[in-house]
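Numbers restart at 1 for each chain; the letters A, B, ... are given by sequence-line order, proteins then strands. Predicted model, so just to flag it, every value in this text is computed and none were measured.
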Protein chains: 2
Amino acid sequence: MSDTNQTYSISDLAREFEITPRSIRHYEDQKLITPKRNGSQRIYSKGDRVRLQLILRGKRIGFSLSEIREIIDMYDPTAGDEKQTEHLLRKIAERRVALHQQQQDIETMLTELDQLEQKLNQNIEA
Amino acid sequence: MSDTNQTYSISDLAREFEITPRSIRHYEDQKLITPKRNGSQRIYSKGDRVRLQLILRGKRIGFSLSEIREIIDMYDPTAGDEKQTEHLLRKIAERRVALHQQQQDIETMLTELDQLEQKLNQNIEA
DNA sequence: GCGCAAGTTTACGTTAACGTAAAGGTAATC
DNA sequence: GATTACCTTTACGTTAACGTAAACTTGCGC
């Protein structure tokens with residue numbers, strides 16, 4: 001197995017994802033990620049790295065950190081009672097609606113860019 | 001033709017798009033929209049309304065107001081020289097890359113939500 | 001002509017998401 | 001053992017995108 005116990009320092013991850021250590025610590029402040037510690041040093045596991053990827057993906061889509069935390073919390077096996085599960089299912093449904101809306105918006109914008117590009121190309125030919 | 005000369009007050013548009021007049025004025029401060037005036041009153045045309053829609057669409061996708069202005073400026077027939085046109089074409093290409101990235105991110109997140117939902121449904125059955 | 005709703009400008013306040021600086025601990029390296 | 005490279009916490013600063021309040025004008029209905 002591909003060394004599932006690999007760990008990373010904060011600057012390892014910062015380098016890899018081209019963000020600052022400050023940002024990563026900020027995500028921790030906001031309870032989005034909670035690495036182990038070796039003394040005072042943060043030790044990030046593969047799972048932490050995946051969470052960080054999820055955070056950054058959420059950001060690219062335009063979600064706020066608190067929205068991202070909502071999503072992350074869904075993945076948490078805090079789970080248990082059935083009420084909670086139904087609540088999560090509703091949350092998931094809401095998210096899906098928002099994401100579909102974004103897909104629409106992006107497609108609209110992409111076709112608008114296409115049209116714009118055509119116009120500009122015509123101007124060049126002329 | 002469907003009354004192409006229709007106009008709107010600021011609160012008309014605020015109501016329609018469920019935002020505050022303050023936001024619309026803010027977009028004007030940021031040069032995203034420049035309605036006509038009747039004395040001191042702002043008069044919005046159909047074109048202004050379309051611009052506002054474009055602004056809100058951009059926001060939903062997660063763009064900042066200055067990014068949205070960049071996009072809006074592309075639509076502007078300020079145009080003219082060829083250098084400028086090529087610059088725009090590059091900008092358009094950049095935008096497209098970002099939008100495609102977002103599409104990827106959204107699809108990833110959607111399938112993750114699907115998987116999560118399945119897990120939760122299993123928990124209910126069990 | 002008066003009140004009220006809707007418009008205006010000016011300006012200070014607020015929140016999110018970090019940036020930046022200060023002051024200090026730790027570990028390898030020369 | 002001193003420098004160097006990272007790490008830490010604490011805390012104040014900054015920017016974007018408005019919110020909110022104050023003070024004033026304008027048009028409509030009665």
Side-chain angles (χ1 to χ4, degrees), chain A residues 6-45 48-49 51-73 95 98 101-102 105, chain B residues 6-45 48-49 51-73 95 98 101-102 105:
Chain A
Q6 178 161 12
T7 65
Y8 313 85
S9 76
I10 194 168
S11 54
D12 285 341
L13 294 183
R15 245 188 311 274
E16 176 174 3
F17 296 116
E18 301 186 342
I19 58 181
T20 67
R22 175 66 173 94
S23 295
I24 301 181
R25 293 198 192 99
H26 181 61
Y27 301 150
E28 184 174 347
D29 287 347
Q30 305 300 309
K31 319 284 181 188
L32 297 182
I33 191 170
T34 33
K36 293 277 158 48
R37 297 281 183 139
N38 178 9
S40 67
Q41 303 237 151
R42 276 164 255 251
I43 311 284
Y44 296 87
S45 70
D48 290 330
R49 183 172 166 281
R51 283 171 91 86
L52 185 52
Q53 283 182 306
L54 202 158
I55 295 171
L56 299 178
R57 194 188 309 134
K59 291 215 64 187
R60 283 194 302 268
I61 304 181
F63 286 158
S64 72
L65 293 187
S66 63
E67 287 174 314
I68 294 173
R69 181 173 42 204
E70 266 202 39
I71 298 175
I72 284 186
D73 286 350
R95 278 293 150 224
Q101 169 70 19
Q102 287 206 34
D105 289 334
Chain B
Q6 179 161 9
T7 65
Y8 312 85
S9 76
I10 194 168
S11 54
D12 285 341
L13 294 182
R15 244 187 310 275
E16 176 173 3
F17 296 115
E18 301 186 338
I19 58 181
T20 66
R22 175 67 173 94
S23 296
I24 301 181
R25 292 196 192 98
H26 181 62
Y27 301 150
E28 184 174 348
D29 287 347
Q30 305 299 310
K31 318 283 181 191
L32 297 182
I33 191 171
T34 33
K36 294 277 157 52
R37 297 281 184 140
N38 178 7
S40 68
Q41 304 236 152
R42 275 164 256 253
I43 311 283
Y44 296 87
S45 69
D48 291 329
R49 183 172 167 282
R51 283 170 93 86
L52 186 52
Q53 282 182 305
L54 203 157
I55 294 171
L56 298 178
R57 193 187 310 133
K59 290 216 65 187
R60 283 194 303 268
I61 304 181
F63 287 157
S64 71
L65 293 187
S66 63
E67 286 174 315
I68 294 173
R69 181 173 42 205
E70 265 202 40
I71 298 175
I72 284 186
D73 286 350
R95 278 293 151 222
Q101 170 70 18
Q102 287 206 34
D105 290 333

Backbone N/O of B/H26 and side chain of B/D29: donor-acceptor pair under 3.5 Å: no
Step-by-step side chain to side chain contact (heavy atoms under 4.5 Å, CB included) determination, A/F63 to A/E70: CA-CA 10 Å; A/F63 286 158; A/E70 266 202 39; over 6 Å; no
side-chain N/O [X] vs [N] OP1/OP2, d < 4.0 Å:
X	N	result
A/S23	C/dG19	yes
A/K59	C/dC18	yes
A/T20	C/dC18	no
B/S40	C/dT9	no
B/Y27	D/dC18	yes
B/R42	C/dG7	no

Selected nucleotide, minimal atom distance to [X] side chain, candidates [options]:
X	options	result
A/I10	D/dA17, D/dC7, C/dT9	D/dC7
B/Q41	D/dG19, C/dG7, D/dC18	C/dG7
A/R25	D/dT8, D/dG19, C/dA17	D/dT8
A/S9	C/dA17, D/dC18, D/dC7	D/dC7

Output the rounded distance in Å from [atom1] ([X]) to [atom2] ([N]).
X	N	atom1	atom2	answer
A/D12	D/dC7	CG	P	7 Å
B/D29	C/dT10	CG	C1'	11 Å
B/E67	D/dA16	CD	P	12 Å
A/I19	C/dC18	CD1	P	8 Å
B/E28	C/dG7	CD	P	14 Å
A/H26	C/dA16	NE2	P	9 Å
A/I24	D/dC6	CD1	P	15 Å
A/E70	C/dA16	CD	P	14 Å

State whether the distance check finds a donor on one side and an acceptor on the other, under 3.5 Å, for side chain A/R22 versus base C/dT20. yes
Taking 4.0 angstrom as the limit, do A/K36 and A/E28 come out as a salt bridge? no
CZ of A/R25 to CD1 of A/I33, rounded to nearest 0.5 Å, is 12.5 Å
For the residue pair B/K59 and B/Y27, establish whether any side-chain heavy-atom pair is separated by less than 4.5 Å. yes
